[in-house]
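In what follows, a structure is listed as structure tokens, so that the remarks can point back to it.
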2 protein chains.
Amino acid sequence: MTSMNGRPADGNGASPDVARDDPSPSAPRHDTVAAVVGQWQAVHPDLDTGPMEIIGRINRCAALLQQAEDAPLRRAGLSRPEFDLLGALRRTGHELTPSELTRETFSSGAAVTKRLKQLTERGLVERRGDTRDRRVAHVRLTDTGRELVDAILPEQLAYETTVLAGLDTPGQGELATLLGELLVQLEGRLGVLRV
Amino acid sequence: MTSMNGRPADGNGASPDVARDDPSPSAPRHDTVAAVVGQWQAVHPDLDTGPMEIIGRINRCAALLQQAEDAPLRRAGLSRPEFDLLGALRRTGHELTPSELTRETFSSGAAVTKRLKQLTERGLVERRGDTRDRRVAHVRLTDTGRELVDAILPEQLAYETTVLAGLDTPGQGELATLLGELLVQLEGRLGVLRV
DNA sequence: CGCAACTAATTCACGAGTAAAACACCTGCT
DNA sequence: AGCAGGTGTTTTACTCGTGAATTAGTTGCG
């Protein structure tokens, strides 16, 4: 798996905001994606802009959330990809090889190598060579690494909770379910969907 | 951008080591985020992992969609940020200055400058200086630029439609609505939410 | 054994994005 | 007029991620 992230911040998503004349200043309170979709429909009234309303919003949400989430991590001096790597080690509960880490974190081998180098220098992870196969390495959290993850995660979740607080609880449940359904489809399908 | 990442194929077991191969071939079919959340809950049963189910899925969906969407654009030799820029010019229907483009596309000024340079060299956009204020530039699509956008957009939407096809129509509507509500909150709130 | 084919991990060269500095120009105040 | 301070855009220096090559090691097979 490669790419994605990207866009760490990647990259980001669809597009936003309206320009001059927003016709309805009152209305049901549009988000920026709705404004963009409105503009497109004015220009191409014949197109079905339905997919934009989902994909555009997912991208935009991801971009905004990403930025927001950075905060608690940054205080710990970690980037999100770094935290993902540490988190993978923590949640699986055992050592992982670099190639397993590329699968767990969906990033390229080169990226994992670099991150491991940094995290090792910072004393958050350790490596040990495999005794049988000297090509493979095994990576594990150091005590400080584990403590760091365990300290950050609750903050992270608490922060995310407040970020999502604008949506009521049933709404959150529905959203999680729908996204889960979509995700199952995407994960199962996209590999096969050869353009 | 990828918040919580998932495992390719792995029961959500908390147990270290071991890989029970997907035990229930039927079942509600877990997505990778569900697996990751399951792992976390096994390690920290006390934490409320609710936010992960939303934020993790949004990030993962964004990553997968991004990659998927690349396809139609790549055929036209455009990256998504480039298309976003062209799209902003097309949908607003008039010239935009570079700073307006940074707002429309949510990217930095430096990035816009670079993209404009490339797109100008490719003959997709033109610039003209403002007559009153010689600091500002006005950017517009060339005829080829507009034709390109108009040619790509329908393909793009058609492709996105098939990508989303796994979700039934009412589900798509609900999803769009919920994401819209979330987005309104995020856009209104995040600027103010000083960590 | 010895060599081809494969796999794990790393290195390399490069492209793209960013923040901050630089630059160019405008505006308001005295 | 003249200049302090503000704004629009570009440049600079850097980081980070990627794909492709590279290194190192293993395995299968004649």
Side-chain angles (χ1 to χ4, degrees), chain A residues 1-13 15 19 59 62-63 66-67 70 73-74 77-85 95-122 125-140, chain B residues 1-2 5 59 62-63 66-67 70 73-74 77-85 95-122 125-140:
Chain A
M1 314 288 139
T2 38
S3 71
M4 30 195 81
N5 154 45
R7 348 117 243 105
D10 124 80
N12 69 23
S15 303
N59 285 329
Q66 204 101 0
Q67 217 178 358
D70 270 5
L73 294 180
R74 282 214 173 289
L78 287 176
S79 69
R80 173 141 281 273
E82 285 169 340
F83 183 74
D84 278 354
L85 194 160
E95 296 179 330
L96 293 172
T97 67
S99 24
E100 285 168 336
L101 282 169
T102 65
R103 284 189 287 272
E104 290 293 331
T105 64
F106 294 101
S107 40
S108 73
V112 168
T113 297
K114 284 186 183 177
R115 273 172 220 145
L116 285 177
K117 193 176 159 196
Q118 289 209 65
L119 294 172
T120 307
E121 283 166 3
R122 287 203 249 166
V125 303
E126 289 172 337
R127 14 187 355 149
R128 112 187 132 71
D130 188 295
T131 39
R132 290 179 179 281
D133 187 337
R134 280 184 302 178
R135 286 169 306 179
V136 337
H138 296 273
V139 181
R140 64 166 164 256
Chain B
M1 58 226 45
T2 335
N5 295 319
N59 285 328
Q66 205 105 355
Q67 215 177 6
D70 270 6
L73 294 180
R74 283 213 172 292
L78 288 176
S79 68
R80 172 142 280 273
E82 286 168 339
F83 184 72
D84 278 354
L85 195 160
E95 295 179 331
L96 294 172
T97 68
S99 26
E100 286 169 336
L101 283 168
T102 67
R103 284 190 287 274
E104 290 292 329
T105 64
F106 292 101
S107 39
S108 73
V112 168
T113 298
K114 284 187 184 176
R115 273 172 221 142
L116 284 177
K117 193 176 159 197
Q118 290 207 65
L119 295 172
T120 306
E121 282 166 4
R122 287 203 249 165
V125 304
E126 288 172 339
R127 15 186 354 149
R128 110 187 134 73
D130 188 296
T131 39
R132 293 178 175 280
D133 187 337
R134 279 183 302 176
R135 287 171 305 180
V136 338
H138 295 274
V139 182
R140 65 168 163 254

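Proteins come first, then strands; the chains are lettered A, B, ... in the order of their sequence lines, and each starts at number 1. Just so it is clear, the structure is predicted and the values come from calculations on it, not from any experiment.
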Please name all residues satisfying side chain to side chain donor-acceptor pair (under 3.5 Å) with A:Arg128, sequence neighbours left out, ordered by chain then number. A:Glu95

Considering residues, nucleotides and ligands other than B:Arg74, do more than 12 of their heavy atoms fall under 6.0 Å from its CZ? no

Rounded distance (Å) that lies between atom P of C:dT18 and atom CZ of A:Arg74: 13 Å

Who passes side chain to side chain contact (heavy atoms under 4.5 Å, CB included) against A:Ala110, sequence neighbours left out? A:Ser108

Summary of protein contacts for nucleotides 6-16 of chain C, nucleotide by nucleotide, where a base hit scores B, a sugar-phosphate-only hit scores S (4.0 Å, heavy atoms): -BSSBB----S

Rounded to whole Å, CG of B:Asp130 lies from C1' of C:dT27 at a distance of 15 Å

Applying side chain to side chain contact (heavy atoms under 4.5 Å, CB included), name anything that partners A:Thr113, two or more places apart in sequence or on another chain. none

Starting from C1' on C:dT27, measure out to CZ on B:Arg134 and report it in whole angstrom. 15 Å

What is the distance, to the nearest angstrom, from the CZ atom on B:Phe106 to the P atom on C:dG17? 16 Å

On DNA chain D, check which nucleotide each of A:Arg132 and A:Ala111 is closest to and give me the residue with the more 5' one. A:Ala111

Just the rounded figure in Å: distance from C1' of D:dG8 to CG of B:Leu101. 13 Å

Can you name the residues that form a side chain to side chain contact (heavy atoms under 4.5 Å, CB included) with B:Asp130, not counting sequence neighbours? B:Arg132, B:Asp133, B:Val136, B:His138

Residues two or more places apart in sequence or in another chain: which of them pass side chain to side chain donor-acceptor pair (under 3.5 Å) with B:Arg134? none

